[in-house]
Amino acid sequence: MNTVQSLMLAACLAAAAVGSRPAQGEAQRVDELIHDALQLDVHVDRGREIYEKNCASCHGLKAHGDPNRGIPSLAGQRQAYVVKQLADFSERERESRNMHSIVSRVGLSEPQVWADVAAYVNGLAPIGRPQHGDGRHLELGEAIFREQCSSCHEEDARGDDDGFVPSLRNQHYAYLLKETRTMGRWHARNIEEDLARFLNSLEEDEIVGLADYLSRLHGPTKDRLRMRDDGSAGD
């Protein structure tokens, strides 16, 4: 570990994509949109309809993703985090050609849609057996996570109390590996600079070990919804 790593207080990972740092005005607009979305009443049944029509072809009907295409599992992911990512995609603060084409469809760049879809995928059962690596650097990956990442993502990688720090458990190794490398190369727009510096400081075996360790963590996230038979959100 070097000095950058020892000073790292932010999260180890956040599923983000490529780009440059957003301007202050752009970031403020995104924050306002996220705030608005999180104040809305959610309609899980509508979120399911939107998801199945626009998202399931890539992420799967159960939102378990596709490691062969680098598509993440969304099932059980934190609501606030999913809302933020959809807002970032809609406002071009997170880069992804495929996601930009999706959110540009009529009606999908609305805060109510983000809130409904986020509530729906949050309530889905997490994937039972995500793809994982070969296990050669697991001890190294665990040590890095516990020393550098658990203060934000918690010891079991469920994410923070507010839900903006993502759950890193129940996720495919290939996706975790790809995103760690992407953010470490400073090809990130919606993450903290300290996080990018930290990931950039990691050696390849550390990146591989971290992604492999996280891919083997399973279980529910903090704010997973219980859904009623009619598709509405329970307590």
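Positions are given from 1 along the sequence.
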Among residues at least two apart in sequence or on other chains, which ones pass side-chain contact (heavy atoms from CB on, under 4.5 Å) with [X]?
X      : value
His35  : Gln39
Asp205 : His137, Leu140, Glu203
Leu138 : Asp212, Tyr213, Arg216
Ser90  : Val103, Ser109, Trp114

Using atom types as modelled and distance alone, determine if a side-chain donor or acceptor of [X] lies under 3.5 Å from a backbone N or O of [Y].
X      : Y      : result
Arg158 : Arg78  : no
Asp160 : Val165 : yes
Gln131 : Ala174 : yes
Gln112 : Asp41  : yes

At what distance, to the nearest 0.5 angstrom, does [atom1] of [X] lie from [atom2] of [Y]?
X      : Y      : atom1 : atom2 : value
Leu214 : Leu177 : CG    : CG    : 11.0 Å
Glu110 : Asp36  : CD    : CG    : 11.0 Å
Leu168 : Ser150 : CG    : OG    : 11.0 Å
Lys178 : Met183 : NZ    : CE    : 10.5 Å
Glu206 : Thr180 : CD    : OG1   : 12.0 Å
Arg29  : Glu93  : CZ    : CD    : 10.0 Å

Inset, instruction - Using side-chain hydrogen bond (donor to acceptor under 3.5 Å, both in side chains) as the criterion, list what pairs up with Asn170, not counting sequence neighbours. - result: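 Testing Asn170 for side-chain hydrogen bond (donor to acceptor under 3.5 Å, both in side chains), a comparison that skips the adjacent residues, returns none.
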Inset, instruction - Please name all residues satisfying side-chain hydrogen bond (donor to acceptor under 3.5 Å, both in side chains) with Arg105, sequence neighbours left out, ordered by chain then number. - result: Asn54
Side chain to side chain, [X] and [Y], heavy atoms closer than 4.5 Å:
X      : Y      : answer
Ile207 : Arg181 : yes
Pro72  : Gln171 : yes
Ile102 : Leu108 : yes
Leu217 : Asp156 : no
Cys58  : Asn98  : no
Tyr175 : Pro67  : no
Leu86  : Met99  : yes

Please answer: with hydrophobic residues joined when any side-chain heavy atoms are less than 4.5 Å apart, are [X] and [Y] in the same cluster?
X      : Y      : answer
Val30  : Phe164 : yes
Leu202 : Tyr173 : yes
Val82  : Leu124 : yes

Inset, instruction - Indicate the ring-plane relationship of Phe89 and His100, choosing parallel, tilted or perpendicular according to the 30° and 60° boundaries. - result: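 It falls in the perpendicular class, over 60°.
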Please, which pairs that meet salt bridge (charged side-chain N to carboxylate O under 4.0 Å, His left out) have at least one residue in [range], sequence neighbours excluded?
range            : result
residues 133-145 : Asp134-Arg136, Glu142-Arg146
residues 113-133 : Arg46-Asp116
residues 50-59   : none

Do you know the tightest heavy-atom contact between [X] and [Y]?
X      : Y      : value
Gly76  : Pro126 : CA-CG, 4.5 Å
Leu176 : Ala211 : CD1-O, 3.6 Å
Val83  : Ala37  : CG1-CB, 3.7 Å
Ile71  : His172 : O-CD2, 3.9 Å
Val42  : Ala115 : CG1-O, 3.7 Å
Ser104 : Ser101 : OG-O, 2.9 Å

Inset, instruction - Write out all pairs satisfying side chain to side chain donor-acceptor pair (under 3.5 Å) with one or both partners inside residues 61-71, taking only residues at least two apart or from two chains. - result: Asp66-Arg69
Inset, instruction - List for me each residue that meets ring-ring contact (aromatic ring centres under 6.0 Å, His included) alongside Tyr51, sequence neighbours excluded, and say none if there are none. - result: Tyr120
Legend entry - Pairing of Arg48 and Asp45 as salt bridge, 4.0 angstrom limit: no
